[in-house]
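The figures that follow rest on heavy atoms only: side chains count, while hydrogens, waters and symmetry mates do not. Just so it is clear, the structure is predicted and the values come from calculations on it, not from any experiment.
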Amino acid sequence: MTWLLYPAVAISLAIIALLWHGDPKRRRTIGLRDKADGSGKRRVLAAVALVPGLVLAVLGDSSAFLVWFGACAMAGWLVAQVRVSA
């Protein structure tokens, strides 16, 4: 695995957290409807979250790519489990 794996995972995890924070359905359930992100912003964030994985794939480091992919899947699942009250 390359030295790029840790920064790639950290960048993607940060963007996944931003996606969670601005999720309209989650914001609506806790009563913060007006502060939800728009669909354009969410699409850009989702695309940017994939860039580190694309870099790992282009460099040909399949093991780092698979670890990054698994870490992002686990992070998405764990972030979805977070319950925040207003």
Side-chain angles (χ1 to χ4, degrees):
M1 286 186 263
T2 67
W3 57 273
L4 288 174
L5 175 62
Y6 296 116
V9 169
I11 291 167
S12 294
L13 294 181
I15 295 171
I16 289 170
L18 287 173
L19 284 166
W20 168 81
H21 181 68
D23 182 41
K25 188 181 287 187
R26 186 187 68 81
R27 305 288 286 185
R28 187 172 49 246
T29 59
I30 63 173
L32 299 173
R33 176 176 290 202
D34 58 336
K35 297 183 181 181
D37 292 341
S39 64
K41 182 177 179 181
R42 288 190 321 256
R43 287 179 183 162
V44 168
L45 284 173
V48 171
L50 296 175
V51 170
L54 180 64
V55 169
L56 293 173
V58 168
L59 291 176
D61 195 351
S62 59
S63 61
F65 175 78
L66 289 173
V67 170
W68 169 85
F69 190 72
C72 289
M74 291 300 298
W77 180 79
L78 288 172
V79 165
Q81 301 304 313
V82 173
R83 303 280 187 238
V84 178
S85 59

Hey, any chance Y6 and L13 share a hydrophobic cluster, counting ILVMFWY side chains that come within less than 4.5 Å of each other, even indirectly? no
Quick check: closest heavy atoms across S12 and W68, and the distance to 0.1 Å? OG-NE1, 2.9 Å
Determine, using the 4.5 Å side-chain heavy-atom cutoff (strictly less than), whether F69 and V58 are members of one ILVMFWY cluster. no
Note: I11 and P52 closest approach over all heavy atoms is CG2-CG, 3.9 Å
Looking only at heavy atoms, which two atoms of A71 and V9 are closest? And how far apart? CB-CG1, 4.0 Å
Nearest 0.5 Å, what's the CG-CG distance between D61 and L5? 8.0 Å
I16 reachable from M74 in the ILVMFWY side-chain graph, under 4.5 Å edges: no
Taking L19 as the starting point, is it possible to reach V44 by hopping between hydrophobic residues whose side chains are less than 4.5 Å apart? yes
In the single-linkage hydrophobic clustering (I, L, V, M, F, W, Y; side-chain heavy atoms under 4.5 Å), do L59 and L54 co-cluster? no
Please give me the minimum heavy-atom distance between A8 and L56, naming the atom from each residue. CB-CD1, 4.0 Å
